[in-house]
Amino acid sequence: MSRVPTNRRDFLKVLGLAAAGGAVACPGPGEPGPAPTPDPTPVPPGTKVRRDVNSLDPDGPEITAYKMGVQAMKGRPDANPLGWVAQARIHLDWCPHGNWFFLPWHRAYLYYFEQVCRAASGDQNFTLPYWNWTANPQIPAAFWGQGNPLFNSTRTAGPNSTASPEFVGQTVVDGILAINDFELFASSQASQQRQRTGTGRLEGTPHNYVHGFVGGEMGTFWSPLDPIFWLHHANVDRLWATWNESHANTTDLGWLNFTFQGNFVDTSGSPVDVQVEDVLSTVQLGYRYDTQPETIGPESLLLVSAGTVRETVAAETRGAAVFGREPLSVPLAPDTALHDKIRALTAPQGERPRATLRLAVEGVDVPEDPRTAVRVFLNCDYLSPDTPIDDPHYVGTFTFFHDPDAPHEGHVSKGSYLFNAAETLRKLRQQGQYQPGAPVQVQVIPVPLDGDPGLESVASQAVAPSGFSLSYVEYR
Ligand code: C2O
């Protein structure tokens, strides 16, 4: 594992805080923990605030500015890099999904879009609002109505459709914000922008789901054509910033030094390069969310939580799970070393190791109809499509996001989905339904997204992961 000891110093330099001096020195490799931290610093004056769309007056200045900006951008020719279609095409051409570039890429995408849209709106105060689908699970009222620039006629959701708490509920979001393992939170290590290695919880559950829930163009890689896209991603970005208040990102140089080359354009329409390291702080980028504190707590930036995989057990599945039938169930038999670790990790009380048990559902093809959700359970003898998600054996649900028409490589490749198995095993152990030492039965069962009955008739709705694995991941 590598570190970037200059990261924080550069960050302070940008904020003009380098004079805060010695108290914030970074630990070098091998040195123990954080140095004494200074008092939190107020964010610089002029930091713009991205607000909850549901707290804004639909006829007020913020929404009006967004409408003006979108309208102006839609009026530009398709080839104009500052136009609506060209901005959406950036996503089609470049967006990384199913790997750890997902969060920084979309943050940079929003950052440049916001500037282009601000200029187009003529309102220098414009900031992108965010759509908190947990608190307000319906598409906001300001996005409806023929002739409204924020309306998109391809949506399958209507003004009264409600996003399911199985994907966007408070319990799901709280669980995601409590994840300690960076890749489990933010998607997996990759060396190429569009390599699908593993989809983390934030991307695989609420993020993917909301694309499919809104539907139409939002369900495809042309999703930025729907003005709600930008507010959806602002919320994803906000959750990353929230997670960073108490968890650090990976310090792997393959992530920090990765450059998105010429993917985005500035307000003059010229391509720009963005390095992951440039987008780690919203305040450094000139904005914060209204839910973020008005001070910068430097201590979280000193934490190092990059996970290190210690022990793994894997098995091939050789089968498929099909709608409305038996679940696909495969036993994983950890060796003694892994069992010992699981025993410590699932201890009912006392000190637990700083570690996670990462469960990967591997090599999953997007089903014929991507409006399919896949529930994951452990050790459940009676599992059926009706088993409720508050059952103690339940681990989580993932869903798909892809563009069936995209000619590009990588859009339909098989992906893996990551979960935290430690929580479920701990619960089962407490209830006497799991003994460390016994094999762990991993189970998946596909269900129609939002209980859509139309999908039941699609005979081929099969989900066939190539394998499952369970890895003990230590972090510091
Ligand atoms: Cu790259 Cu939510 O899309």
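Just follow the structure's listing: the first ligand is 1, and inside any ligand the first atom is 1.
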| W230-F113 aromatic ring centre distance below 6.0 Å | yes

| request: Work out the angle at atom 1 (Cu) of ligand 1 between NE2 of H106 and NE2 of H91, rounded to 10°. | output: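 Angle NE2(H106)-atom 1 (Cu) of ligand 1-NE2(H91): 110°, rounded to 10°.
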
| request: For the pair F102 and H207, name the ring-plane relationship: parallel under 30°, tilted 30 to 60°, perpendicular over 60°. | output: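 F102 vs H207 ring planes: perpendicular.
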
| Picking from V374, V444, V361, V442, what satisfies side chain to side chain contact (heavy atoms under 4.5 Å, CB included) with L328? | V444

| field | atom 1 (Cu) of ligand 1 contact by H97, N, O or S atom under 2.8 Å | value | yes

| Any N/O/S atom of H233 sitting less than 2.8 Å from atom 1 (Cu) of ligand 1, backbone or side chain? | no

| query | So how far is it from S281 OG to R288 CZ, rounded to the nearest 0.5 Å? | reply | 12.5 Å

| query | Taking 2.8 Å as the cut-off, does an N/O/S atom of C95 lie below it from atom 2 (Cu) of ligand 1? | reply |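 No, outside the cut-off.
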
| task | Just to the nearest 10 degrees, tell me the angle at atom 2 (Cu) of ligand 1 spanned by H207 NE2 and H211 NE2. | result |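 H207 NE2 and H211 NE2 form an angle of 100° at atom 2 (Cu) of ligand 1.
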
| request: Compute both the distance and the angle, then confirm whether R50 meets the cation-pi test with Y130: under 6.0 Å from the six-membered ring centre, within 45 degrees of the axis. | output: no

